[in-house]
Amino acid sequence: MAQATAVVNDAAMASFKSDFLRVLSERGYIHQGTDLDGLDAAATAGRVTAYVGYDCTANSLHIGNLISIMMLRWLQKTGHQPIALMGGGTTKIGDPSGKDETRQLLGEAEIAANMASIKRSFANFLSFGSAPTDAIVANNADWLDELKYIPLLRDVGRHFSVNRMLTMDSVRLRLERDQPLSFLEFNYMILQAYDFVELAKRHGCVLQMGGSDQWGNIVMGVELGRRVADLSLFGLTTPLMTTASGAKMGKTAQGAIWLNPDRLSPYDYWQFWRNTEDADVGRFLRLYTELALDEIARLEKLDGAEINEAKKILATEATKLCHGEAAAREAAATAQRTFEQGAAGEGLPSIEVARAELDKRPAVYALLHRAGLVSSNAEARRLMQQGGARVNDVVVTDQAATVGPADLTANGYIKLSAGRKRHALVRAV
RNA sequence: GGAGGGGUGGCCGAGCGGUCAAUGGCAGCAGACUGUAAAUCUGCCCUCUUCGGAGUUCGAAGGUUCGAAUCCUUCCCCCUCCA
């Protein structure tokens with residue numbers, strides 16, 4: 001996939017004239033671009049409209065999407081216009097990029113529900129309205145659903161070489177591994193290319209951004225634009241995000257790190273960033289916060305335990321962008337009370353238990369399960385056996401243990417812990 | 001249409017009539033050590049459990065057998081080669 005000539009090198013990055021590309025390159029967002037000098041010139045000359053496409057396969061975006069959202073944010077902050085494209089149409093097809101297997105097809109209703117839920121995340125990162133740089137949310141179902149097969153083949157299909165399509169990573173990797181690739185999925189890149197051209201026509205969009213796995217799809221769009229409409233379009237991709245120890249970003253105890261607060265609480269979101277590996281602190285501060293670069297340079301030089309200060313700043317700043325200032329402060333305060341003072345922060349995730357039920361002394365393992373700290377009663381028992389379960393900070397290894405009203409602290413709750421880091425409160429109501 | 005190969009727990013991948021809730025690796029969880037880090041070591045890793053056990057798993061449905069992930073039948077899906 002990597003075409004050596006397109007990969008950015010330091011010398012090229014240093015010479016960007018536009019604020020947009022200079023910020024992006026300085027902060028480490030750029031992996032490859034199709035014609036970075038041309039794009040730099042366009043962004044210097046005037047307002048550029050750019051888009052990123054988002055799948056609607058889940059009801060929330062996750063931190064894997066965050067890097068591209070931050071690019072849209074910087075785009076807007078440097079005087080240009082962002083478009084968040086919802087893949088209402090393409091989600092019906094399924095992007096084969098980076099997938100070994102055909103993914104399950106989602107129904108129309110589910111896609112619509114996911115889209116509505118995802119849209120809410122953008123409100124925190126981008127500003128919407130009617131100003132020239134205000135963000136637009138588009139849905140490719142608006143045009144893809146209307147397509148007619150024969151006209152599509154004649155107008156668009158003739159510009160695609162199957163020989164070329166077979167060399168695309170998304171296709172080639174499947175074929176090499178003997179994994180199935182349906183004709184449906186094979187068409188995905190054509191539709192994504194079509195999207196780009198459509199957005200160019202509708203909104204004057206000239207740039208598509210995305211993860212490095214989107215390079216092939218993006219290049220297809222750039223070429224289609226040139227062939228069908230003599231458009232001069234650009235593409236930009238971000239590096240693949242992994243942690244310093246090589247793990248894929250964003251997996252944790254309970255799954256992905258979601259951006260929607262109803263899937264992952266702001267407190268847990270804050271915790272995710274707080275637990276960043278030392279080696280990633282500088283890179284993450286540049287990518288996921290808007291702190292000044294010289295400040296970041298200072299923070300990432302902190303040694304040993306001192307770098308924890310930088311991690312707290314990272315956590316609070318990142319949470320601020322996603323969930324707002326108040327939620328970020330509350331998460332930070334809760335963490336401080338919980339970890340530094342050994343008390344129970346009021347802001348910890350909590351569940352409510354009826355007073356009458358508490359009188360009947362529910363089992364500790366059951367409460368651990370209900371609080372979401374473990375995914376089954378059996379797992380709760382295991383946790384207890386291994387000495388990882390605590391009630392009000394006291395280790396409980398007896399599986400038969402129960403709690404009652406007497407265990408409520410002066411503040412009116414029982415604190416449950418699974419391991420050193422995960423806590424929840426049980427409140428009696 | 002013909003011939004062959006295959007579908008195993010979150011993923012990869014052994015098993016090919018009993019000792020199989022199923023080797024191993026990855027991912028994950030806990031404990032120790034630490035700095036809510038990394039690395040390392042140890043334990044855990046289907047569900048329920050009155051901790052004695054019980055119940056459901058090896059593409060689906062039937063069958064053979066005292067007993068099946070393992071054998072047979074039908075069906076579904078995937079791959080390779082031939083037409």
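A, B, ... follow the sequence lines: proteins, then strands. Residue 1 opens every chain.
The shortest distance between the side-chain N/O atoms of A:K421 and the OP1/OP2 oxygens of B:A37 is below 4.0 Å. For B:U49, the OP1/OP2 oxygens have a side-chain nitrogen or oxygen of A:N377 closer than 4.0 Å. In this model, the phosphate group of B:C48 is approached by a side-chain N or O of A:S376 to a distance below 4.0 Å at OP1 or OP2. Taking side-chain N and O atoms only, A:Y365 has a distance below 4.0 Å to OP1 or OP2 of B:U49. Dashed line: the shortest gap from a side-chain N or O of A:R422 to OP1 or OP2 of B:A30 is under 4.0 Å. Residue A:R420 places none of its side-chain N or O atoms closer than 4.0 Å to OP1 or OP2 of B:G35. When the side-chain nitrogen and oxygen atoms of A:R381 are compared with OP1 and OP2 of B:U47, none of them lie within a distance under 4.0 Å.
For A:N275, the listed nucleotide lying nearest its side chain is B:U36; candidates were B:U36, B:C48, B:A37. Nearest nucleotide to the A:Q386 side chain, out of B:C44, B:C48, B:U36: B:C44.
When Watson-Crick and G-U wobble pairs are counted only if both distances are under 3.5 Å, B:G28 pairs with B:C44.
With sequence neighbours excluded, the residues that form a side-chain contact (heavy atoms from CB on, under 4.5 Å) with A:L299 are A:L285, A:L291, A:E295, A:L302, A:A310, A:I313.
Residue-level contact check: A:T276 touches the backbone only, with heavy atoms under 4.0 Å from sugar-phosphate atoms and none from bases. Residue contacts shown for A:R274 include a base, since a base heavy atom lies under 4.0 Å away. Here A:G304 lies in heavy-atom contact (under 4.0 Å) with a base.
Paired with A:K415 under the rule side-chain hydrogen bond (donor to acceptor under 3.5 Å, both in side chains), one option of A:T338, A:N392, A:D393 passes, and it is A:D393.
For A:Q399 against B:U49, no side-chain N or O and base N or O form a donor-acceptor pair under 3.5 Å.
Nucleotides B:A68 and B:C81 are separated by 39 Å at their P atoms, to the nearest Å. Of the P atoms belonging to B:C16 and B:U23, the separation is 14 Å, rounded to the nearest Å.
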